[in-house]
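Okay, so here's the structure we're looking at.
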There are 2 protein chains.
Amino acid sequence: MGSEMLDHAVQSLREHGVRMTPQRQAILEYLVTEHSHPTADDIYKALAARFPNMSVATVYNNLRVFKDVGLVQEMNYGDASSRFDFVTSKHYHIICDTCGKVVDFNYPVLDEIEAVAAQLTGFKVDRHRLEVYGTCPTCQADQSHTH
Amino acid sequence: MGSEMLDHAVQSLREHGVRMTPQRQAILEYLVTEHSHPTADDIYKALAARFPNMSVATVYNNLRVFKDVGLVQEMNYGDASSRFDFVTSKHYHIICDTCGKVVDFNYPVLDEIEAVAAQLTGFKVDRHRLEVYGTCPTCQADQSHTH
DNA sequence: TCTTACATAGTAATCTTTATAAATAGTGTA
DNA sequence: TACACTATTTATAAAGATTACTATGTAAGA
């Protein structure tokens, strides 16, 4: 299941003339396997055991490559580091203000707002970005206890 | 007109126990007057003439204060600096991928997606964030010339 | 006016991300 | 399989944005 997505991703990279290296493979695997919306540093730390000499720059380089090929989506919240999400199907994100957890949820793609924006502003629209913010169930529970 | 919003903002700050200083006043004025979605550095540079000794930290401190009181919204795109927008009425933003220009456009507030997200994930929803990306008319023209 | 806590200035420090250059290692081809 | 070409990695420096810190200054109420 995950392996299928991985194979597809590798093939997609090959078609773009991107070479496969062990580090690249590992970063990709991590993104496919974990659904944790990791930061570059998360990935770096997670793979430190297998690749003690891997550079942080390698993580960033590869994330950029994946992004350029369209395999990965970069998300940037406020002050913190960017988070990276392996693109599977169309979904939006909801983010916990307290603990930072990111959860996917499905919702029909908002094509209409793109059309309206284009009409009102004269922009040629490429894409949009939508995120919902709030408090996750866990943090809600914590808050009522502490209170 | 702008003065009314300014007065209201100052009053709102007073109610939150925030002191008014010349620097704070100036930063607030700038945000109300300009509709340019400035970065912290934009503001710093714009006020350098009037406040030659003002620190960048002061700009950041005040922007945070304004944000905490709800007067200002912080927007963060990819790698660049955060941009700050004085909150007037409900509107969304469209951003040019080429030159970075930010333009407001009006669209009915998407309350529904908040409700759906809450139901699907169990989050207590607070707000959402929506941005459209594309190419502004100016950059579209430039691109067809260069081509 | 006096007092006190908050704000500012100035600077150092932190954090994230990118740039650079030399060393390394994929991948197609002979 | 060996070679050559070039992308990739590593290591480190550097850049850029934002925050932390501390002494000094100042707004605002008594």
Side-chain angles (χ1 to χ4, degrees), chain A residues 9-30 37-69 71-84 100, chain B residues 9-30 37-69 71-84 100:
Chain A
V10 170
Q11 187 187 344
S12 184
L13 286 168
R14 285 243 157 76
E15 281 164 9
H16 282 79
V18 176
R19 292 179 186 169
M20 285 313 301
T21 67
Q23 295 91 333
R24 182 163 286 159
Q25 179 90 21
I27 295 170
L28 199 54
E29 258 180 59
Y30 185 84
H37 310 274
T39 64
D41 196 59
D42 290 338
I43 301 172
Y44 176 64
K45 290 213 180 81
L47 301 180
R50 279 169 64 195
F51 299 91
N53 293 325
M54 186 168 66
S55 172
V56 201
T58 298
V59 176
Y60 278 103
N61 286 340
N62 281 303
L63 288 172
R64 189 191 327 170
V65 169
F66 298 158
K67 220 175 79 176
D68 290 346
V69 175
L71 291 175
V72 156
Q73 178 191 1
E74 180 175 0
M75 303 175 291
N76 198 290
Y77 314 129
D79 342 3
S81 323
S82 287
R83 292 176 169 277
F84 297 86
Chain B
V10 171
Q11 188 187 344
S12 183
L13 286 168
R14 285 243 158 74
E15 282 165 9
H16 282 80
V18 175
R19 292 181 185 167
M20 284 314 300
T21 67
Q23 296 90 333
R24 182 164 286 161
Q25 179 89 21
I27 295 170
L28 198 54
E29 260 180 59
Y30 185 82
H37 310 275
T39 64
D41 195 59
D42 290 338
I43 300 172
Y44 176 66
K45 290 211 181 82
L47 300 180
R50 279 169 63 196
F51 299 90
N53 294 325
M54 186 168 64
S55 172
V56 203
T58 298
V59 177
Y60 278 102
N61 286 339
N62 281 303
L63 288 172
R64 188 188 330 167
V65 169
F66 298 159
K67 219 176 81 176
D68 290 346
V69 176
L71 291 174
V72 157
Q73 177 190 2
E74 179 175 1
M75 304 175 290
N76 195 289
Y77 313 129
D79 341 2
S81 321
S82 286
R83 292 175 168 279
F84 297 86

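Residue numbers begin at 1 in each chain, while the letters A, B, ... track the order of the sequences.
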According to a strict under-4.0 Å criterion, is B:Ser82 in side-chain N/O contact with OP1 or OP2 of D:dT18? yes
For B:Asp41, which contact category applies under a 4.0 Å heavy-atom criterion: base, sugar-phosphate, or nothing? nothing
Phosphate OP1/OP2 of C:dT24 contacted by A:Asn53 side-chain N/O (<4.0 Å): no
Is there side-chain contact between A:Val59 and A:Leu47, with heavy atoms separated by less than 4.5 Å? no
To the nearest 0.5 Å, tell me how far B:Gln25 CD sits from B:Met20 CE. 4.0 Å
Is there a side-chain contact between B:Tyr60 and the phosphate of D:dT19, meaning an N or O under 4.0 Å from OP1 or OP2? no
Assuming nearest nucleotide by heavy-atom distance, tell me which of B:Thr21 and B:Ala40 is located more 5' along DNA chain D. B:Ala40
Without decimals, in angstroms, what is the distance between A:Asn62 CG and C:dG26 P? 13 Å
Flag for A:Asn61-A:Thr58: side-chain donor and acceptor within less than 3.5 Å: no
Quick note, B:Thr58 side chain, CB onward, closest among C:dG26, C:dT16, C:dA9 is C:dA9
Look at the side-chain N and O atoms of B:Arg24 and state whether any lies under 4.0 Å from the OP1 or OP2 oxygen of D:dA27. no
On DNA chain D, check which nucleotide each of A:Asn61 and B:Met20 is closest to and give me the residue with the more 5' one. A:Asn61
May I have the distance from A:His16 (atom NE2) to C:dT27 (atom P), rounded to whole angstrom? 16 Å
Under 4.0 angstrom between A:Gln23 side-chain N/O and D:dT10 OP1 or OP2: yes
Ignoring hydrogens and geometry beyond distance, is the side chain of B:Ser55 in donor-acceptor contact with the base of C:dG10 at under 3.5 Å? yes
N-O pairing of A:Asp41 and A:Lys45 below 4.0 Å: yes
Candidate nucleotides C:dA19, C:dT17, D:dA20, ranked by approach to the side chain of A:Arg64 - the nearest: C:dA19
Tell me if the side-chain of A:Arg19 makes a donor-acceptor pair with the base of D:dT6, cut-off 3.5 Å, by modelled atom types. yes
